[in-house]
Amino acid sequence: MTLQGKVALVTGASRGIGRGIALRLAADGARVVVNHPGEEALAQAAVEEIKERGGSALALEADVSQADQVEAMFESTVKAFGGLDILVNNAGICPFVEWFDMTEEIFERVHQVNLKGAFLCSHQASRIMRDQGRGGRIISLSSISALVGGSFQTHYTPTKAGIRSLMQSLAIVLGPYGITCNSILPGTILTEINREHYQDPVVFARDSGRVPLGRLGQPEDIAGVAAFLASDDARYVNGADILVDGGLFVNLQ
Ligand code: NAD
Ligand code: RM4
């Protein structure tokens, strides 16, 4: 129970990687806010699962791209749990779109949710953490896509590079307050975000085959790394990024 007494907020935790992280942080002892953008039933199911395992959690709705909703969510978190120690910027979208079909609207929406959302949540969380005076953790889901391109992701890869860069700058700004800021760069994790893409068995076999460990990832593969970054063992890790891709990135030759 390395996170006993801590309060964590995970954005986009109704499913996928965020859900996996919320369950893991709760298992490690944190009281967890399960943020969702209107997926009440899924978020409640995550909360119930945490409670059944003896943990403590609360679902809060907010679209992370909307400043007023984000502010209200952090106010409710402090009201319910008395403070905040860990923020996980996980909420993200990636509609797979061909470059010549890309629209300004899709490009902007992906930037608003992924990058502006991480900015708004980090801004709110860091103010609370600064005023508490007991440090904190900001952990953001960047991606292998911060390092390499993706042909159907021309709107998305810049947001993941931006999130990684945001954490690097915030590591400098917030380090003096004892607040560490780091990124996780997952490779390919099987979730709703890419379910349709991997319905094509040829694409699935090709991408699985590229991973030296022989499989695509699961949310739990990321959750353990988030738990480490949230823990005291990671107290001197700041401005770093951890690539969690089964060896995909180095498999070029
Ligand atoms: P997912 O689609 O299963 O989960 C995304 C979550 O974000 C959902 O809970 C969704 O409700 C939430 N969300 C979407 N828009 C939101 C908004 N406006 N406000 C609040 N929440 C919102 O996908 P996932 O794979 O679990 O993705 C989680 C994060 O991990 C994303 O940031 C994604 O870019 C990143 N990531 C995923 C992979 C992968 O291969 N799955 C790889 C690298 C990085
Ligand atoms: C990730 C990475 C994965 C993809 C998801 C949608 O950042 O590019 O391969 O499945 O995004």
Side-chain angles (χ1 to χ4, degrees), residues 9-22 33-39 43 60-71 73-74 86-99 101-126 138-171 181-197 217 219 222-223 225-226 229 239 241-245:
L9 186 152
V10 184
T11 67
S14 41
R15 54 187 158 86
I17 295 171
R19 186 183 202 277
I21 292 174
V33 172
V34 173
N35 159 254
H36 65 95
E39 297 175 343
L60 287 180
E61 179 175 348
D63 177 337
V64 294
S65 70
Q66 303 300 311
D68 53 343
Q69 294 182 34
V70 168
E71 198 177 332
M73 172 173 72
F74 281 92
I86 301 154
L87 165 67
V88 182
N89 286 311
N90 166 80
I93 55 174
C94 180
F96 285 70
V97 182
E98 298 252 17
W99 170 243
D101 295 331
M102 186 66 67
T103 63
E104 187 178 348
E105 287 71 29
I106 297 172
F107 184 87
E108 279 191 343
R109 183 62 188 152
V110 170
H111 276 70
Q112 280 172 10
V113 174
N114 296 7
L115 186 53
K116 185 182 169 194
F119 158 72
L120 290 173
C121 291
S122 300
H123 219 195
Q124 289 295 325
S126 60
I138 300 180
I139 302 160
S140 294
L141 273 292
S142 171
S143 169
I144 191 173
S145 300
L147 308 177
V148 294
S151 48
F152 298 100
Q153 297 174 306
T154 52
H155 50 345
Y156 171 87
T157 60
T159 68
K160 292 292 147 176
I163 287 169
R164 177 175 180 242
S165 175
L166 177 67
M167 288 304 102
Q168 291 176 336
S169 292
L170 287 186
C181 301
N182 295 292
S183 298
I184 300 175
L185 280 59
T188 301
I189 311 300
L190 283 171
T191 67
E192 193 61 30
I193 208 169
N194 49 30
R195 193 177 51 82
E196 216 180 298
H197 189 65
I222 305 301
V225 178
L229 286 174
D241 31 70
I242 305 184
L243 184 60
V244 190
D245 69 346

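Below, all heavy atoms of this structure are taken into account, side chains as well, without hydrogens, waters or symmetry copies. Here, residue 1 is the first one in the sequence, and each next residue gets the next number.
With sequence neighbours excluded, the residues that form a side chain to side chain contact (heavy atoms under 4.5 Å, CB included) with Asp68 are Gln66. Qualifying side chain to side chain contact (heavy atoms under 4.5 Å, CB included) partners for Ala43, counting only residues two or more places apart in sequence or in other chains: Ser14, Val34, His36, Ala59. Scanning for side chain to side chain contact (heavy atoms under 4.5 Å, CB included) contacts around Leu120 gives Ala67, Val70, Lys116, with sequence neighbours left out. Every residue two or more places apart in sequence or in another chain that forms a side chain to side chain contact (heavy atoms under 4.5 Å, CB included) with Ala125 is listed here: Phe74, Leu84, Leu87, Met129. A search for salt bridge (charged side-chain N to carboxylate O under 4.0 Å, His left out) contacts involving Glu39 returns Arg15, not counting sequence neighbours.
Between Pro219 and Gly20, the shortest heavy-atom contact is CB-CA, 4.4 Å. The heavy-atom pair separating Val64 from Cys121 by the smallest distance is CG1-SG, 3.9 Å.
In this structure, Ile222 and Ile17 have side chains that are in contact, with non-hydrogen atoms separated by less than 4.5 Å. Between Leu229 and Ile242 the shortest side-chain heavy-atom distance falls below 4.5 Å. At least one side-chain heavy atom of Phe96 sits under 4.5 Å from a side-chain heavy atom of Asn194. Between Val244 and Ile184 the shortest side-chain heavy-atom distance falls below 4.5 Å. For the pair Leu166 and Ser140, the minimum side-chain heavy-atom distance is 4.5 Å or more.
Annotation: salt bridge (charged side-chain N to carboxylate O under 4.0 Å, His left out) contacts involving residues 138-147, sequence neighbours excluded, are absent. Among pairs with a residue in residues 151-166, those fulfilling salt bridge (charged side-chain N to carboxylate O under 4.0 Å, His left out) read Arg164-Asp241, at least two apart in sequence or across chains. For residues 182-192, the set of pairs meeting the side chain to side chain donor-acceptor pair (under 3.5 Å) definition, not counting sequence neighbours, comprises Glu192-Arg195. Among residues at least two apart or in separate chains, there is no salt bridge (charged side-chain N to carboxylate O under 4.0 Å, His left out) pair with a member in residues 138-151. Identified under the salt bridge (charged side-chain N to carboxylate O under 4.0 Å, His left out) test for residues 86-95, with sequence neighbours left out: none.
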Identify every side-chain donor-acceptor pair in residues 146-155 under 3.5 Å, counting partners at least two apart or on other chains, and give the distances.
residue	atom	partner	partner atom	Å
His155	NE2	Pro95	O	2.6

N/O donor to acceptor pairs below 3.5 angstrom from side-chain atoms of residues 106-113, sequence neighbours left out:
residue	atom	partner	partner atom	Å
Arg109	NH1	Ser65	OG	3.0
Arg109	NH2	Asp63	OD2	3.0
His111	ND1	Phe107	O	3.0

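Residue Asn90 holds its CG atom at 4.5 Å from CG of Leu141, rounded to the nearest 0.5 Å. To the nearest 0.5 angstrom, Leu115 atom CG is 6.5 Å from Thr159 atom OG1.
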> Should Met167 and Ser122 be marked as a side-chain contact (heavy atoms from CB on, under 4.5 Å) after you check the CA-CA gap, both sets of side-chain angles, and the distance that decides it?
Replying inline: CA-CA 9 Å; Met167 288 304 102; Ser122 300; 3.9 Å; yes

>> Go through it in stages, so that I can follow the logic: the residues are Ile93 and Ile193, the test is side-chain contact (heavy atoms from CB on, under 4.5 Å), and I'd like the CA-CA distance, side-chain angles, deciding distance and then a yes or no.
In response: CA-CA 7 Å; Ile93 55 174; Ile193 208 169; 5.6 Å; no

>> Pair Ile139, Ile86 - check side-chain contact (heavy atoms from CB on, under 4.5 Å), show working.
In response: CA-CA 8 Å; Ile139 302 160; Ile86 301 154; 4.3 Å; yes

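A donor-acceptor pair under 3.5 Å is absent between the side-chain atoms of Asp245 and the main chain of Pro186, judged by distance alone. Listed for the Asn35 side chain is no donor-acceptor partner under 3.5 Å among the backbone atoms of Glu61. Ser165 places no side-chain N or O within donor-acceptor distance of the main-chain N or O of Ala161, the cut-off being under 3.5 Å.
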